[in-house]
Amino acid sequence: MADQEKVPLVGIIMGSKSDLPTMEGCTKELEELGVPYELVIASAHRNPDKVHEWAGTAHERGLKVIIAAAGKAAHLGGVVAAFTPLPVIGVPMKTSDLGGLDSLLSMVQMPSGVPVACVAINGAKNAAIYATQILGATMPEYRDVIAKMKQEMAEA
């Protein structure tokens with residue numbers, strides 16, 4: 001999982017264990033980019049107190065960016081955003097009912113003042129890359145990692 005030698009910079013929260021296989025794309029990408037992270041499973045609906053505590057203390061623990069993955073009503077990203085000053089990136093999960101459109105719309109239709117950036121349905125890898133780009137705005141080592149990745153993509 002996370003690089004235990006470093007303080008996590010990215011927090012990953014998902015609403016259900018069933019999201020883990022999809023979110024492996026996120027954790028693997030963060031590991032490849034050298035970004036330490038922490039991961040928690042907590043539902044905005046089933047574990048609201050746990051979500052509140054985790055999100056409300058995220059910046060105190062040293063996190064800089066949060067990635068929230070959820071399906072169906074997908075309120076997790078918005079609930080997390082309500083409790084933290086940190087940027088939140090939503091990953092809408094594909095669902096059996098509406099193919100993930102329900103998740104996507106729940107994330108992108110946030111009210112003014114409580115933004116959640118959003119990647120594509122099941123866009124776990126892009127969430128990791130975007131989180132690293134956010135880190136790179138103030139941490140040159142992550143900006144360099146992204147620049148190198150983009151150069152390698154251009155040369156492929």
Side-chain angles (χ1 to χ4, degrees), residues 1-3 6-16 19-20 22-45 47-94 100-150 153:
M1 231 184 225
D3 182 348
K6 297 182 179 179
V7 172
L9 297 175
V10 174
I12 302 169
I13 186 167
M14 57 191 80
S16 170
D19 299 330
L20 274 169
T22 298
M23 291 306 291
E24 282 181 8
C26 181
T27 58
K28 286 180 181 178
E29 189 67 24
L30 288 172
E31 288 167 5
E32 287 180 25
L33 295 170
V35 178
Y37 65 89
E38 67 179 43
L39 187 146
V40 65
I41 297 171
S43 165
H45 302 105
N47 314 102
D49 291 338
K50 182 177 180 180
V51 172
H52 184 178
E53 171 68 21
W54 184 85
T57 61
H59 68 284
E60 295 166 8
R61 293 192 315 277
L63 295 181
K64 307 294 184 201
V65 184
I66 295 175
I67 297 171
K72 305 240 179 218
H75 293 299
L76 185 58
V79 169
V80 167
F83 292 122
T84 185
L86 300 176
V88 177
I89 303 166
V91 180
M93 295 283 103
K94 186 174 183 180
L101 187 59
D102 48 345
S103 311
L104 175 67
L105 294 175
S106 294
M107 287 187 189
V108 299
Q109 291 300 114
M110 290 300 299
S112 180
V114 190
V116 173
C118 191
V119 296
I121 296 167
N122 283 1
K125 182 176 177 179
N126 270 353
I129 294 167
Y130 189 46
T132 307
Q133 289 176 309
I134 292 170
L135 294 173
T138 59
M139 303 172 85
E141 63 270 32
Y142 295 111
R143 188 170 45 249
D144 293 345
V145 165
I146 293 296
K148 180 181 178 200
M149 181 195 73
K150 289 182 179 250
M153 286 175 26

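- In terms of heavy atoms, Pro140 sits closest to Thr138 at CD-O, 3.7 Å.
- Once rounded to the nearest 0.5 Å, the distance linking CD1 of Ile146 with CG of Leu135 reads 9.0 Å.
- From Ile66, atom CD1 reaches atom CG of Leu9 across 12.5 Å, with rounding to the nearest 0.5 Å.
- Atoms NZ and CD, on Lys125 and Glu32 in that order, are 7.0 Å from each other to the nearest 0.5 Å.
- The minimum heavy-atom distance between Thr84 and Val88, with the atom names listed, is CG2-CG2, 4.1 Å.
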Steps toward side-chain contact (heavy atoms from CB on, under 4.5 Å) verdict (Val145, Lys148): CA-CA 5 Å; Val145 165; Lys148 180 181 178 200; 5.9 Å; no

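- The number of heavy atoms from other shown groups lying within 6.0 Å of OH (Tyr142) is above 12.
- Trp54 contributes atom CH2, which lies 6.0 Å from atom CG of Leu63 (distance to the nearest 0.5 angstrom).
- Not counting sequence neighbours, the partners of Arg61 by the salt bridge (Lys or Arg N to Asp or Glu O under 4.0 Å) test are Glu38.
- Taking all atoms of both residues into account, the shortest heavy-atom contact from Met107 to Ala68 is CE-O, 3.9 Å.
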Full working for side-chain contact (heavy atoms from CB on, under 4.5 Å) between Glu29 and Met149: CA-CA 11 Å; Glu29 189 67 24; Met149 181 195 73; 4.1 Å; yes

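- Judged by distance alone, the side chain of Lys50 and the main-chain N or O of Ile41 form a donor-acceptor pair under 3.5 Å.
- What you find for Lys64 and Leu86 is that their closest heavy atoms are O-CD2, 3.8 Å.
- Cys118 is listed as a side-chain neighbour of Leu104, based on a closest heavy-atom distance under 4.5 Å.
- Judged as a ring-ring contact (aromatic ring centres under 6.0 Å, His included), and not counting sequence neighbours, the contacts of Phe83 are His52.
- The heavy-atom pair separating Cys26 from Ala128 by the smallest distance is O-CB, 3.5 Å.
- Once rounded to the nearest 0.5 Å, the distance linking OG of Ser103 with CG of Leu76 reads 11.0 Å.
- Heavy-atom minimum distance, Asn122 versus Lys94: OD1-N, 2.9 Å.
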Steps toward side-chain contact (heavy atoms from CB on, under 4.5 Å) verdict (Val91, Ile12): CA-CA 10 Å; Val91 180; Ile12 302 169; over 6 Å; no

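- Residues Val116 and Val80 are not in side-chain contact: their nearest non-hydrogen atoms beyond the backbone lie 4.5 Å or more apart.
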side-chain contact (heavy atoms from CB on, under 4.5 Å) between Ile134 and Ile89, intermediate numbers included: CA-CA 10 Å; Ile134 292 170; Ile89 303 166; 4.0 Å; yes

